[in-house]
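Whatever order the structure lists ligands and atoms in, that order sets their numbers, starting from 1. Since the structure is predicted, the reported quantities are computational estimates derived from the model, not experimental observations.
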Amino acid sequence: MDFSSLGLKQQLVTTVNELGYTQPTPIQLEAIPAILNQHDLMAGAQTGTGKTAAFALPIIQLLSEDPLPPKNKAATLAPSTRAVRALVLTPTRELAQQVHKSFVAYANNSRLDCALAYGGASIKAQIDSLKAGVDIIVATPGRLLDLVYKRAIDLSQIQYLVFDEADRMLDMGFIDEINRILKHLPATRQTLLFSATFDEAIFTLSKSLLRKPKLIEVDERNTAATQVEQKVYMVDADRKREITSYLIGSKNWQQVLIFTRTKKDADFLAKEMCKDGIKTQSIHGDKSQGARDRALEEFKQGKTRALVATDVASRGLDIQQLQYVINYQLPYIPEDYIHRIGRTGRAGSSGLAISLMSPDEEWLLEEVEAVLDTRLPQQWLPGYEPDLSKKVTVSRKNSKTAQKRRAKERAFGKKTVAHSKSSSSQKNRR
Ligand code: AMP
């Protein structure tokens, strides 16, 4: 099946073919016709499965077919009269940049313009880009509201609203911002909700947002990308840095994304790995947008060999051909594991995800296994066997997270519950 059989016009088919897409991915096969038929959507798909094109292509087509409002480039009207008609909300700046880049590429042969708005960057430049008149905006919730309050954008003509990675938006505590944004949107619109994982909070949100939605699930819920080989090495916490440098160096890996739980650990590890002779940078929420962009670009270009990131950075990163992901620490939120390892094995290519698990993290692995509904066998790397005489067992029963989780499980039922987090731990993770 090719893209034209999904109802896309030849011009868009040519555009995606030029980008090297010959076959639609499963999420594209399901979502594109449904969106073209004006359905609201609740869609679950693994990361890296082509979900951006799944919503961007039909939105571009629908906007292009709609004759109103007239294109200001035709000089018939002043630029400001062109209303923004599609809004894509993303949880992080990196994802916003990525989605915007995709829209620009897909809309290349159309007359549509797409703006980008996220915090941590000059609002003036973003206001200026809006003044020229745009059709689509990709934004993070906080910055979008800033623009609304400054009257730099009018959302009253929005026809298409997309929540990309809605689960992460809720995880990051964006619900108040989302509700405030909704007040500025027309009630009649098409709403598309994309989420890699589903939980009770997502279903609650979907009920208030969507009208008779089509439910699309191309993969089993909460499964990791199938092309990614997953390995778990049990190793003492104080030898993790050593084993990381050893793996990268001895196997000659050239582009490795490493995840830590905190910003402090990310900075520390990057510094230590540089001492080991592996050029490494860190990327997290305390870095300026410029520094994050630079670090990512240098990593993509192969100027740095390893990039250490906190979980927030894990969502928006799309690095072609990224083969290796190392979980330096297992995440406190098991669903984050899926997003982390989803940075590799994208668009059908293979990947390897290695988790370094210290004995006190065994309960975190159990939580990941519960979400994946699969066992991840543990192994020892010769020379890095853990010293089990000093094994510390942190019982799931005793952890606060586990207590909260069990309480929620009792309320909502098992396996539909995502972890809740304290705001301080969230802050530290970004
Ligand atoms: P996404 O899940 O939207 O982040 O997309 C992941 C990657 O897959 C991006 O690099 C896209 O350019 C690429 N991609 C999207 N759709 C296709 C397709 N039909 N064929 C090949 N690559 C694709």
For this session: Using a strict 4.0 Å threshold on nitrogen-to-oxygen distance, state whether Lys214 and Asp40 make a salt bridge.
Result: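 No, this pair does not count.
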For this session: May I ask you to say whether Glu272 pairs ionically with Lys240, meaning some side-chain N is under 4.0 Å from a carboxylate O?
Result: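 No, Glu272 and Lys240 are not salt-bridged.
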For this session: Would you check if Val138 and Asp164 make a side-chain contact, meaning some heavy-atom pair closer than 4.5 Å?
Result: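 Contact flag for Val138/Asp164 side chains = no.
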Exercise. Taking Glu298 for the side chain and Thr304 for the main chain, is one N or O donor matched with an acceptor at less than 3.5 Å?
Worked result: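 Absent.
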Exercise. Under 3.5 Å, is there a donor-acceptor pair between the side chain of His39 and the main chain of Leu41?
Worked result: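 Flag not set: sc His39 to bb Leu41 has no pair under 3.5 Å.
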Exercise. Can you check whether Ala53 has an N/O within less than 3.5 Å of an N/O in ligand 1?
Worked result: no
Exercise. Is there any N or O on Tyr106 that sits under 3.5 Å from an N or O of ligand 1?
Worked result: no
For this session: Give the contacting part of Gln23 toward ligand 1: side chain, backbone, both or neither, where contact means a heavy-atom distance below 4.0 Å.
Result: backbone
Exercise. If you measure from each non-hydrogen atom of Phe3 to ligand 1, which part falls under 4.0 Å: side chain, backbone, both or neither?
Worked result: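 The part of Phe3 near ligand 1 is the side chain, not the backbone.
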For this session: Provide the number and element of each atom of ligand 1 under 4.0 Å from a heavy atom of Thr52.
Result: 1 (P), 3 (O), 4 (O)
